[in-house]
Amino acid sequence: MNKYADIIVDISHSKLDRVFQYRVPHNLMDKIVIGTVVDIPFGKGNKNLKGYVIGFTDKPNFDVDKIKDITGVASMNMSIEAHLIKLAVWMKERYACTIISALRTLIPIGKKVNEKTQKEIVRIIEADELKSYIKMWDNKNYKALSRAGNHLLTCEKCKQSTIIKKADITPAVLSNLEKKGIIKINSERIYREPYNVNNIRRSKNKLPNIEQQKVINKVLSNLNKESQVHLIHGITGSGKTEVYMQIIEKVLEKGQQAIVLIPEIALTPQTVRNFISRFGNQVGVMHSKLSAGEKYDGWRRARDGDISIMIGPRSAVFTPFKKLGMIIIDEEHEMSYKSEVSPKYHAREVAIKRGEMTGADVVLGSATPSLESYHLAKEGKYTLLELKEKAASTNKLDVKVIDMREELINGNKSIFSDTLRNEIQNKLFNKEQIILFLNRRGYSRFVSCRQCGYVIKCDSCDIPYTYHAFGDKLICHYCGKTINMVSKCPSCNSKYIKQFGIGTEKVESYVKKEFPTARVLRMDLDTTTRKNSYDTILGKFRNGEADILIGTQMVAKGHDFPDVTLVGVIAADLSLYMSDFRASERTFQLLTQVTGRAGRSNLQGTAIIQSYTPEHYSITKSKEQDYIGFYEAEIKYRQVMNYPPFSNLLVLLIQSTNEKELIRRSFELKNDILLVASRMGLEIIGPSPANVSKIKNNYRRVILLRSTGYKELMQFINRYMERLSIKYKDISIQMDINPLISY
Ligand code: ADP
Ligand code: ZN
Ligand code: ZN
């Protein structure tokens, strides 16, 4: 008999993030299981709160007389599978978050959601009778009633929203008609559908090619065995989506369900459309811009088995399917899979854990897998599957790399190399489209020599120094080392050494000057702040309303522009030397993605990459489209420098409005940590100014802890962080484990 329930109370306060015990009243005994959300009286005032049942016990740990009764099962039915409760407990341990924040990430609780109904209007009198009504209304000049009547002549049944719009009337007119006994208004419970499934044409399976069939067979051969992670390394255009869909088809045939994670809906509308056209109303779509009601409906439908496939960004990994068979993560290398707010989970890690708990398999797919995943695949922890050929076209992409140092020597100081300028002219003449790409990400204020390409780096971290105009200094954002700005290149003595940087606006003005007749669109954070402006710009470009699209990484993702035959990368170095050990990886990924935008149709595509360091492996390997070559060079660097996947990092972000205090206290904090951390084998780096060293008057510094094992970092957090946060409560400390962004 489950007499007492272990309950996590729905309240965000780290002190209350522990188990409370409540008595299960007799009448509720068979209604409450692990995962049930219940109403409970809490605290001195017996405030009515919600709680999550995470376990049961016969003998309570508290005084039996003081234990209160559960009031009831929460009115909105939000109970979940027991394994999801276990997943929340695992998240607390893995990401050092509170259980309640993990549970809240899992369950859309807290927001009041109205169940939505749709009203249907039914005419209940004959047309002739209605006609005589209309005559009378016309005589009395009751225009709205007459318009409604005429609409009802054409249809006996219609949606309330339709008649309101078509007849241009208010709901009051309809209630008037109902009172007169002319119509009946029916309500029915409907789910909010963010996508109109009926408007999307249905598609059939494509016949897989030999490579695709092999991959499909391999994944399917493991269904219903012990959970396995597969990594599909498939070049752009190799038909990964088709593979995912055929795998899922079999999963559904077995009566199981599937989750498909994509980086962001707005960036991958094609994938969503593909799934809906293949699987119709079995598909649910999650996305960050949905209303709370739409999210709740999607969640409910998944839990109640109304749909079998959920497609969405990272949070869709928590979809409460009861018979989960497969989790697919497309573009698994994307940064958006890691949450930047607490719990700072990585959807890939959660997916793999959930797979272990439920027996579901996990499929990761990418043209440029993360170093972490490919490394694990090479070690045999994941099965490595490959797609090396394009599925639909035979066009080879022509990639050229231009050495901008030579352009300078030849007297060309413009942002366009001669080659790029000529190609743009050609394409404009042929009425083909062009994308100019500026791979700006974060703040890359590194200092480099335009004559020889030399970049000034910190010798202990091998990370480029960041230029700070204030004081004319160079600072390493990893270890904090600071040196004076140089006036001559340490390598070739040239005076062309300076801070590197160019913005999209500048590119736009150069384009307008050099190609005055071209029609130009620009897409970056400045031009896409308004809602929908993103879609508007892309739509215009797709419709051929512009010749050239200038943009940042937003244009790099999976868009299909059939008329684009030229992609120009203005300055590949911009992302290559940001102060982040993942700079090379990001650059390789971005270049592969953006050059893949050219030549999607039958037209031959050309990509031109301009760089001051064209010999860098990120650039040479993306020219050759050689992921494995890139991986081998990069993994060596990671090993030598002891960066992930060979180590684990804990970032402590410390902030204060008082800069002097922040500096003093961050060094004190470092000393406190030194005492304990060295005994645990942790290395401490910093404190250094954060990449964005001031936000809204808050100064920011970073201390980095590095360890070979993950466990040691967690031990450190569990043993010391609570005490340290109390001692340093004058400066706020935030933690992030293995972040993908650079602080
Ligand atoms: P990826 O996601 O691997 O970059 P896509 O899934 O976008 O590739 O596929 C590229 C193109 O190839 C799409 O237009 C798709 O419809 C087509 N395609 C995929 N598989 C096949 C196939 N077996 N036969 C014909 N066309 C295919
Ligand atoms: Zn350094
Ligand atoms: Zn130089």
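All ligand and atom numbering here is 1-based and tracks the order in the structure.
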Region of [X] that comes within reach of ligand 1 [heavy atoms, distance under 4.0 Å]:
| X | answer |
| --- | --- |
| Gln212 | side chain |
| Asp330 | neither |
| Leu387 | neither |
| Ser238 | both |
| Lys206 | side chain |

Does the protein put any heavy atom within less than 4.0 Å of atom 13 (C) of ligand 1? no

Protein heavy atoms: any of them under 4.0 Å from atom 9 (O) of ligand 1? yes

- Message: Given 3.5 Å as the limit, does a donor-acceptor pair link the side chain of Ser448 with the main chain of Val455, or not?
- Response: no

Exactly one candidate in Phe446, Tyr496, Phe500 meets ring-ring contact (aromatic ring centres under 6.0 Å, His included) with Tyr612; the answer is Phe500

* **Asn274 and Tyr244: side chain donor to acceptor below 3.5 Å** => no

Which residue supplies the protein heavy atom nearest to [atom], what is that atom called, and how far is it?
| atom | result |
| --- | --- |
| atom 4 (O) of ligand 1 | Gly237 N, 2.6 Å |
| atom 18 (N) of ligand 1 | Ala391 CB, 3.7 Å |
| atom 11 (C) of ligand 1 | Ala392 CB, 4.0 Å |

Check: of Thr271, Leu207, Thr241, min heavy-atom distance to atom 6 (O) of ligand 1 comes from Thr241

Regarding [X] and [Y], does a basic nitrogen lie under 4.0 Å from an acidic carboxylate oxygen?
| X | Y | result |
| --- | --- | --- |
| Lys240 | Glu331 | no |
| Arg348 | Glu332 | yes |
| Glu372 | Arg582 | yes |

By side chain to side chain donor-acceptor pair (under 3.5 Å), Asn484 pairs with (sequence neighbours left out) Lys473

Worksheet entry | Heavy-atom gap Pro208 to ligand 1 smaller than 4.0 Å | yes

Below 4.0 Å from any atom of ligand 1, is there a heavy atom belonging to Ile235?
yes

Practice task
Decide whether an N or O pair under 3.5 Å exists between Glu242 and ligand 1.
Solution key: no

Residues passing the salt bridge (Lys or Arg N to Asp or Glu O under 4.0 Å) test with Arg638, sequence neighbours excluded, are Glu585, Glu634

Taken by chain and residue number, the protein N/O/S atoms under 2.8 Å from the Zn ion (ligand 2) read Cys458 SG, Cys461 SG, Cys476 SG, Cys479 SG

Note to self: Between Ile309 and Gln257, is the side-chain contact (heavy atoms from CB on, under 4.5 Å) condition met? List the steps.
What the structure shows: CA-CA 6 Å; Ile309 302 170; Gln257 298 153 324; over 6 Å; no

Minimal heavy-atom distance between Ala583 and Leu576, with the atoms involved, is CB-O, 3.3 Å

In short, Leu591 meets Ile619 closest at the heavy-atom pair CD1-CG1, 4.0 Å

Within 4.0 Å of some non-hydrogen atom of Thr236, the atoms of ligand 1 are 4 (O)

How are the rings of Tyr643 and Tyr478 set relative to one another: parallel (under 30°), tilted (30 to 60°) or perpendicular (over 60°)? perpendicular

(request) Take the angle between the ring planes of Tyr627 and Tyr374 and call it parallel below 30°, perpendicular above 60°, tilted in between. (result) perpendicular

Counting only protein N, O or S atoms and ignoring waters, those under 2.8 Å from the Zn ion (ligand 3) are Cys449 SG, Cys452 SG, Cys489 SG, Cys492 SG

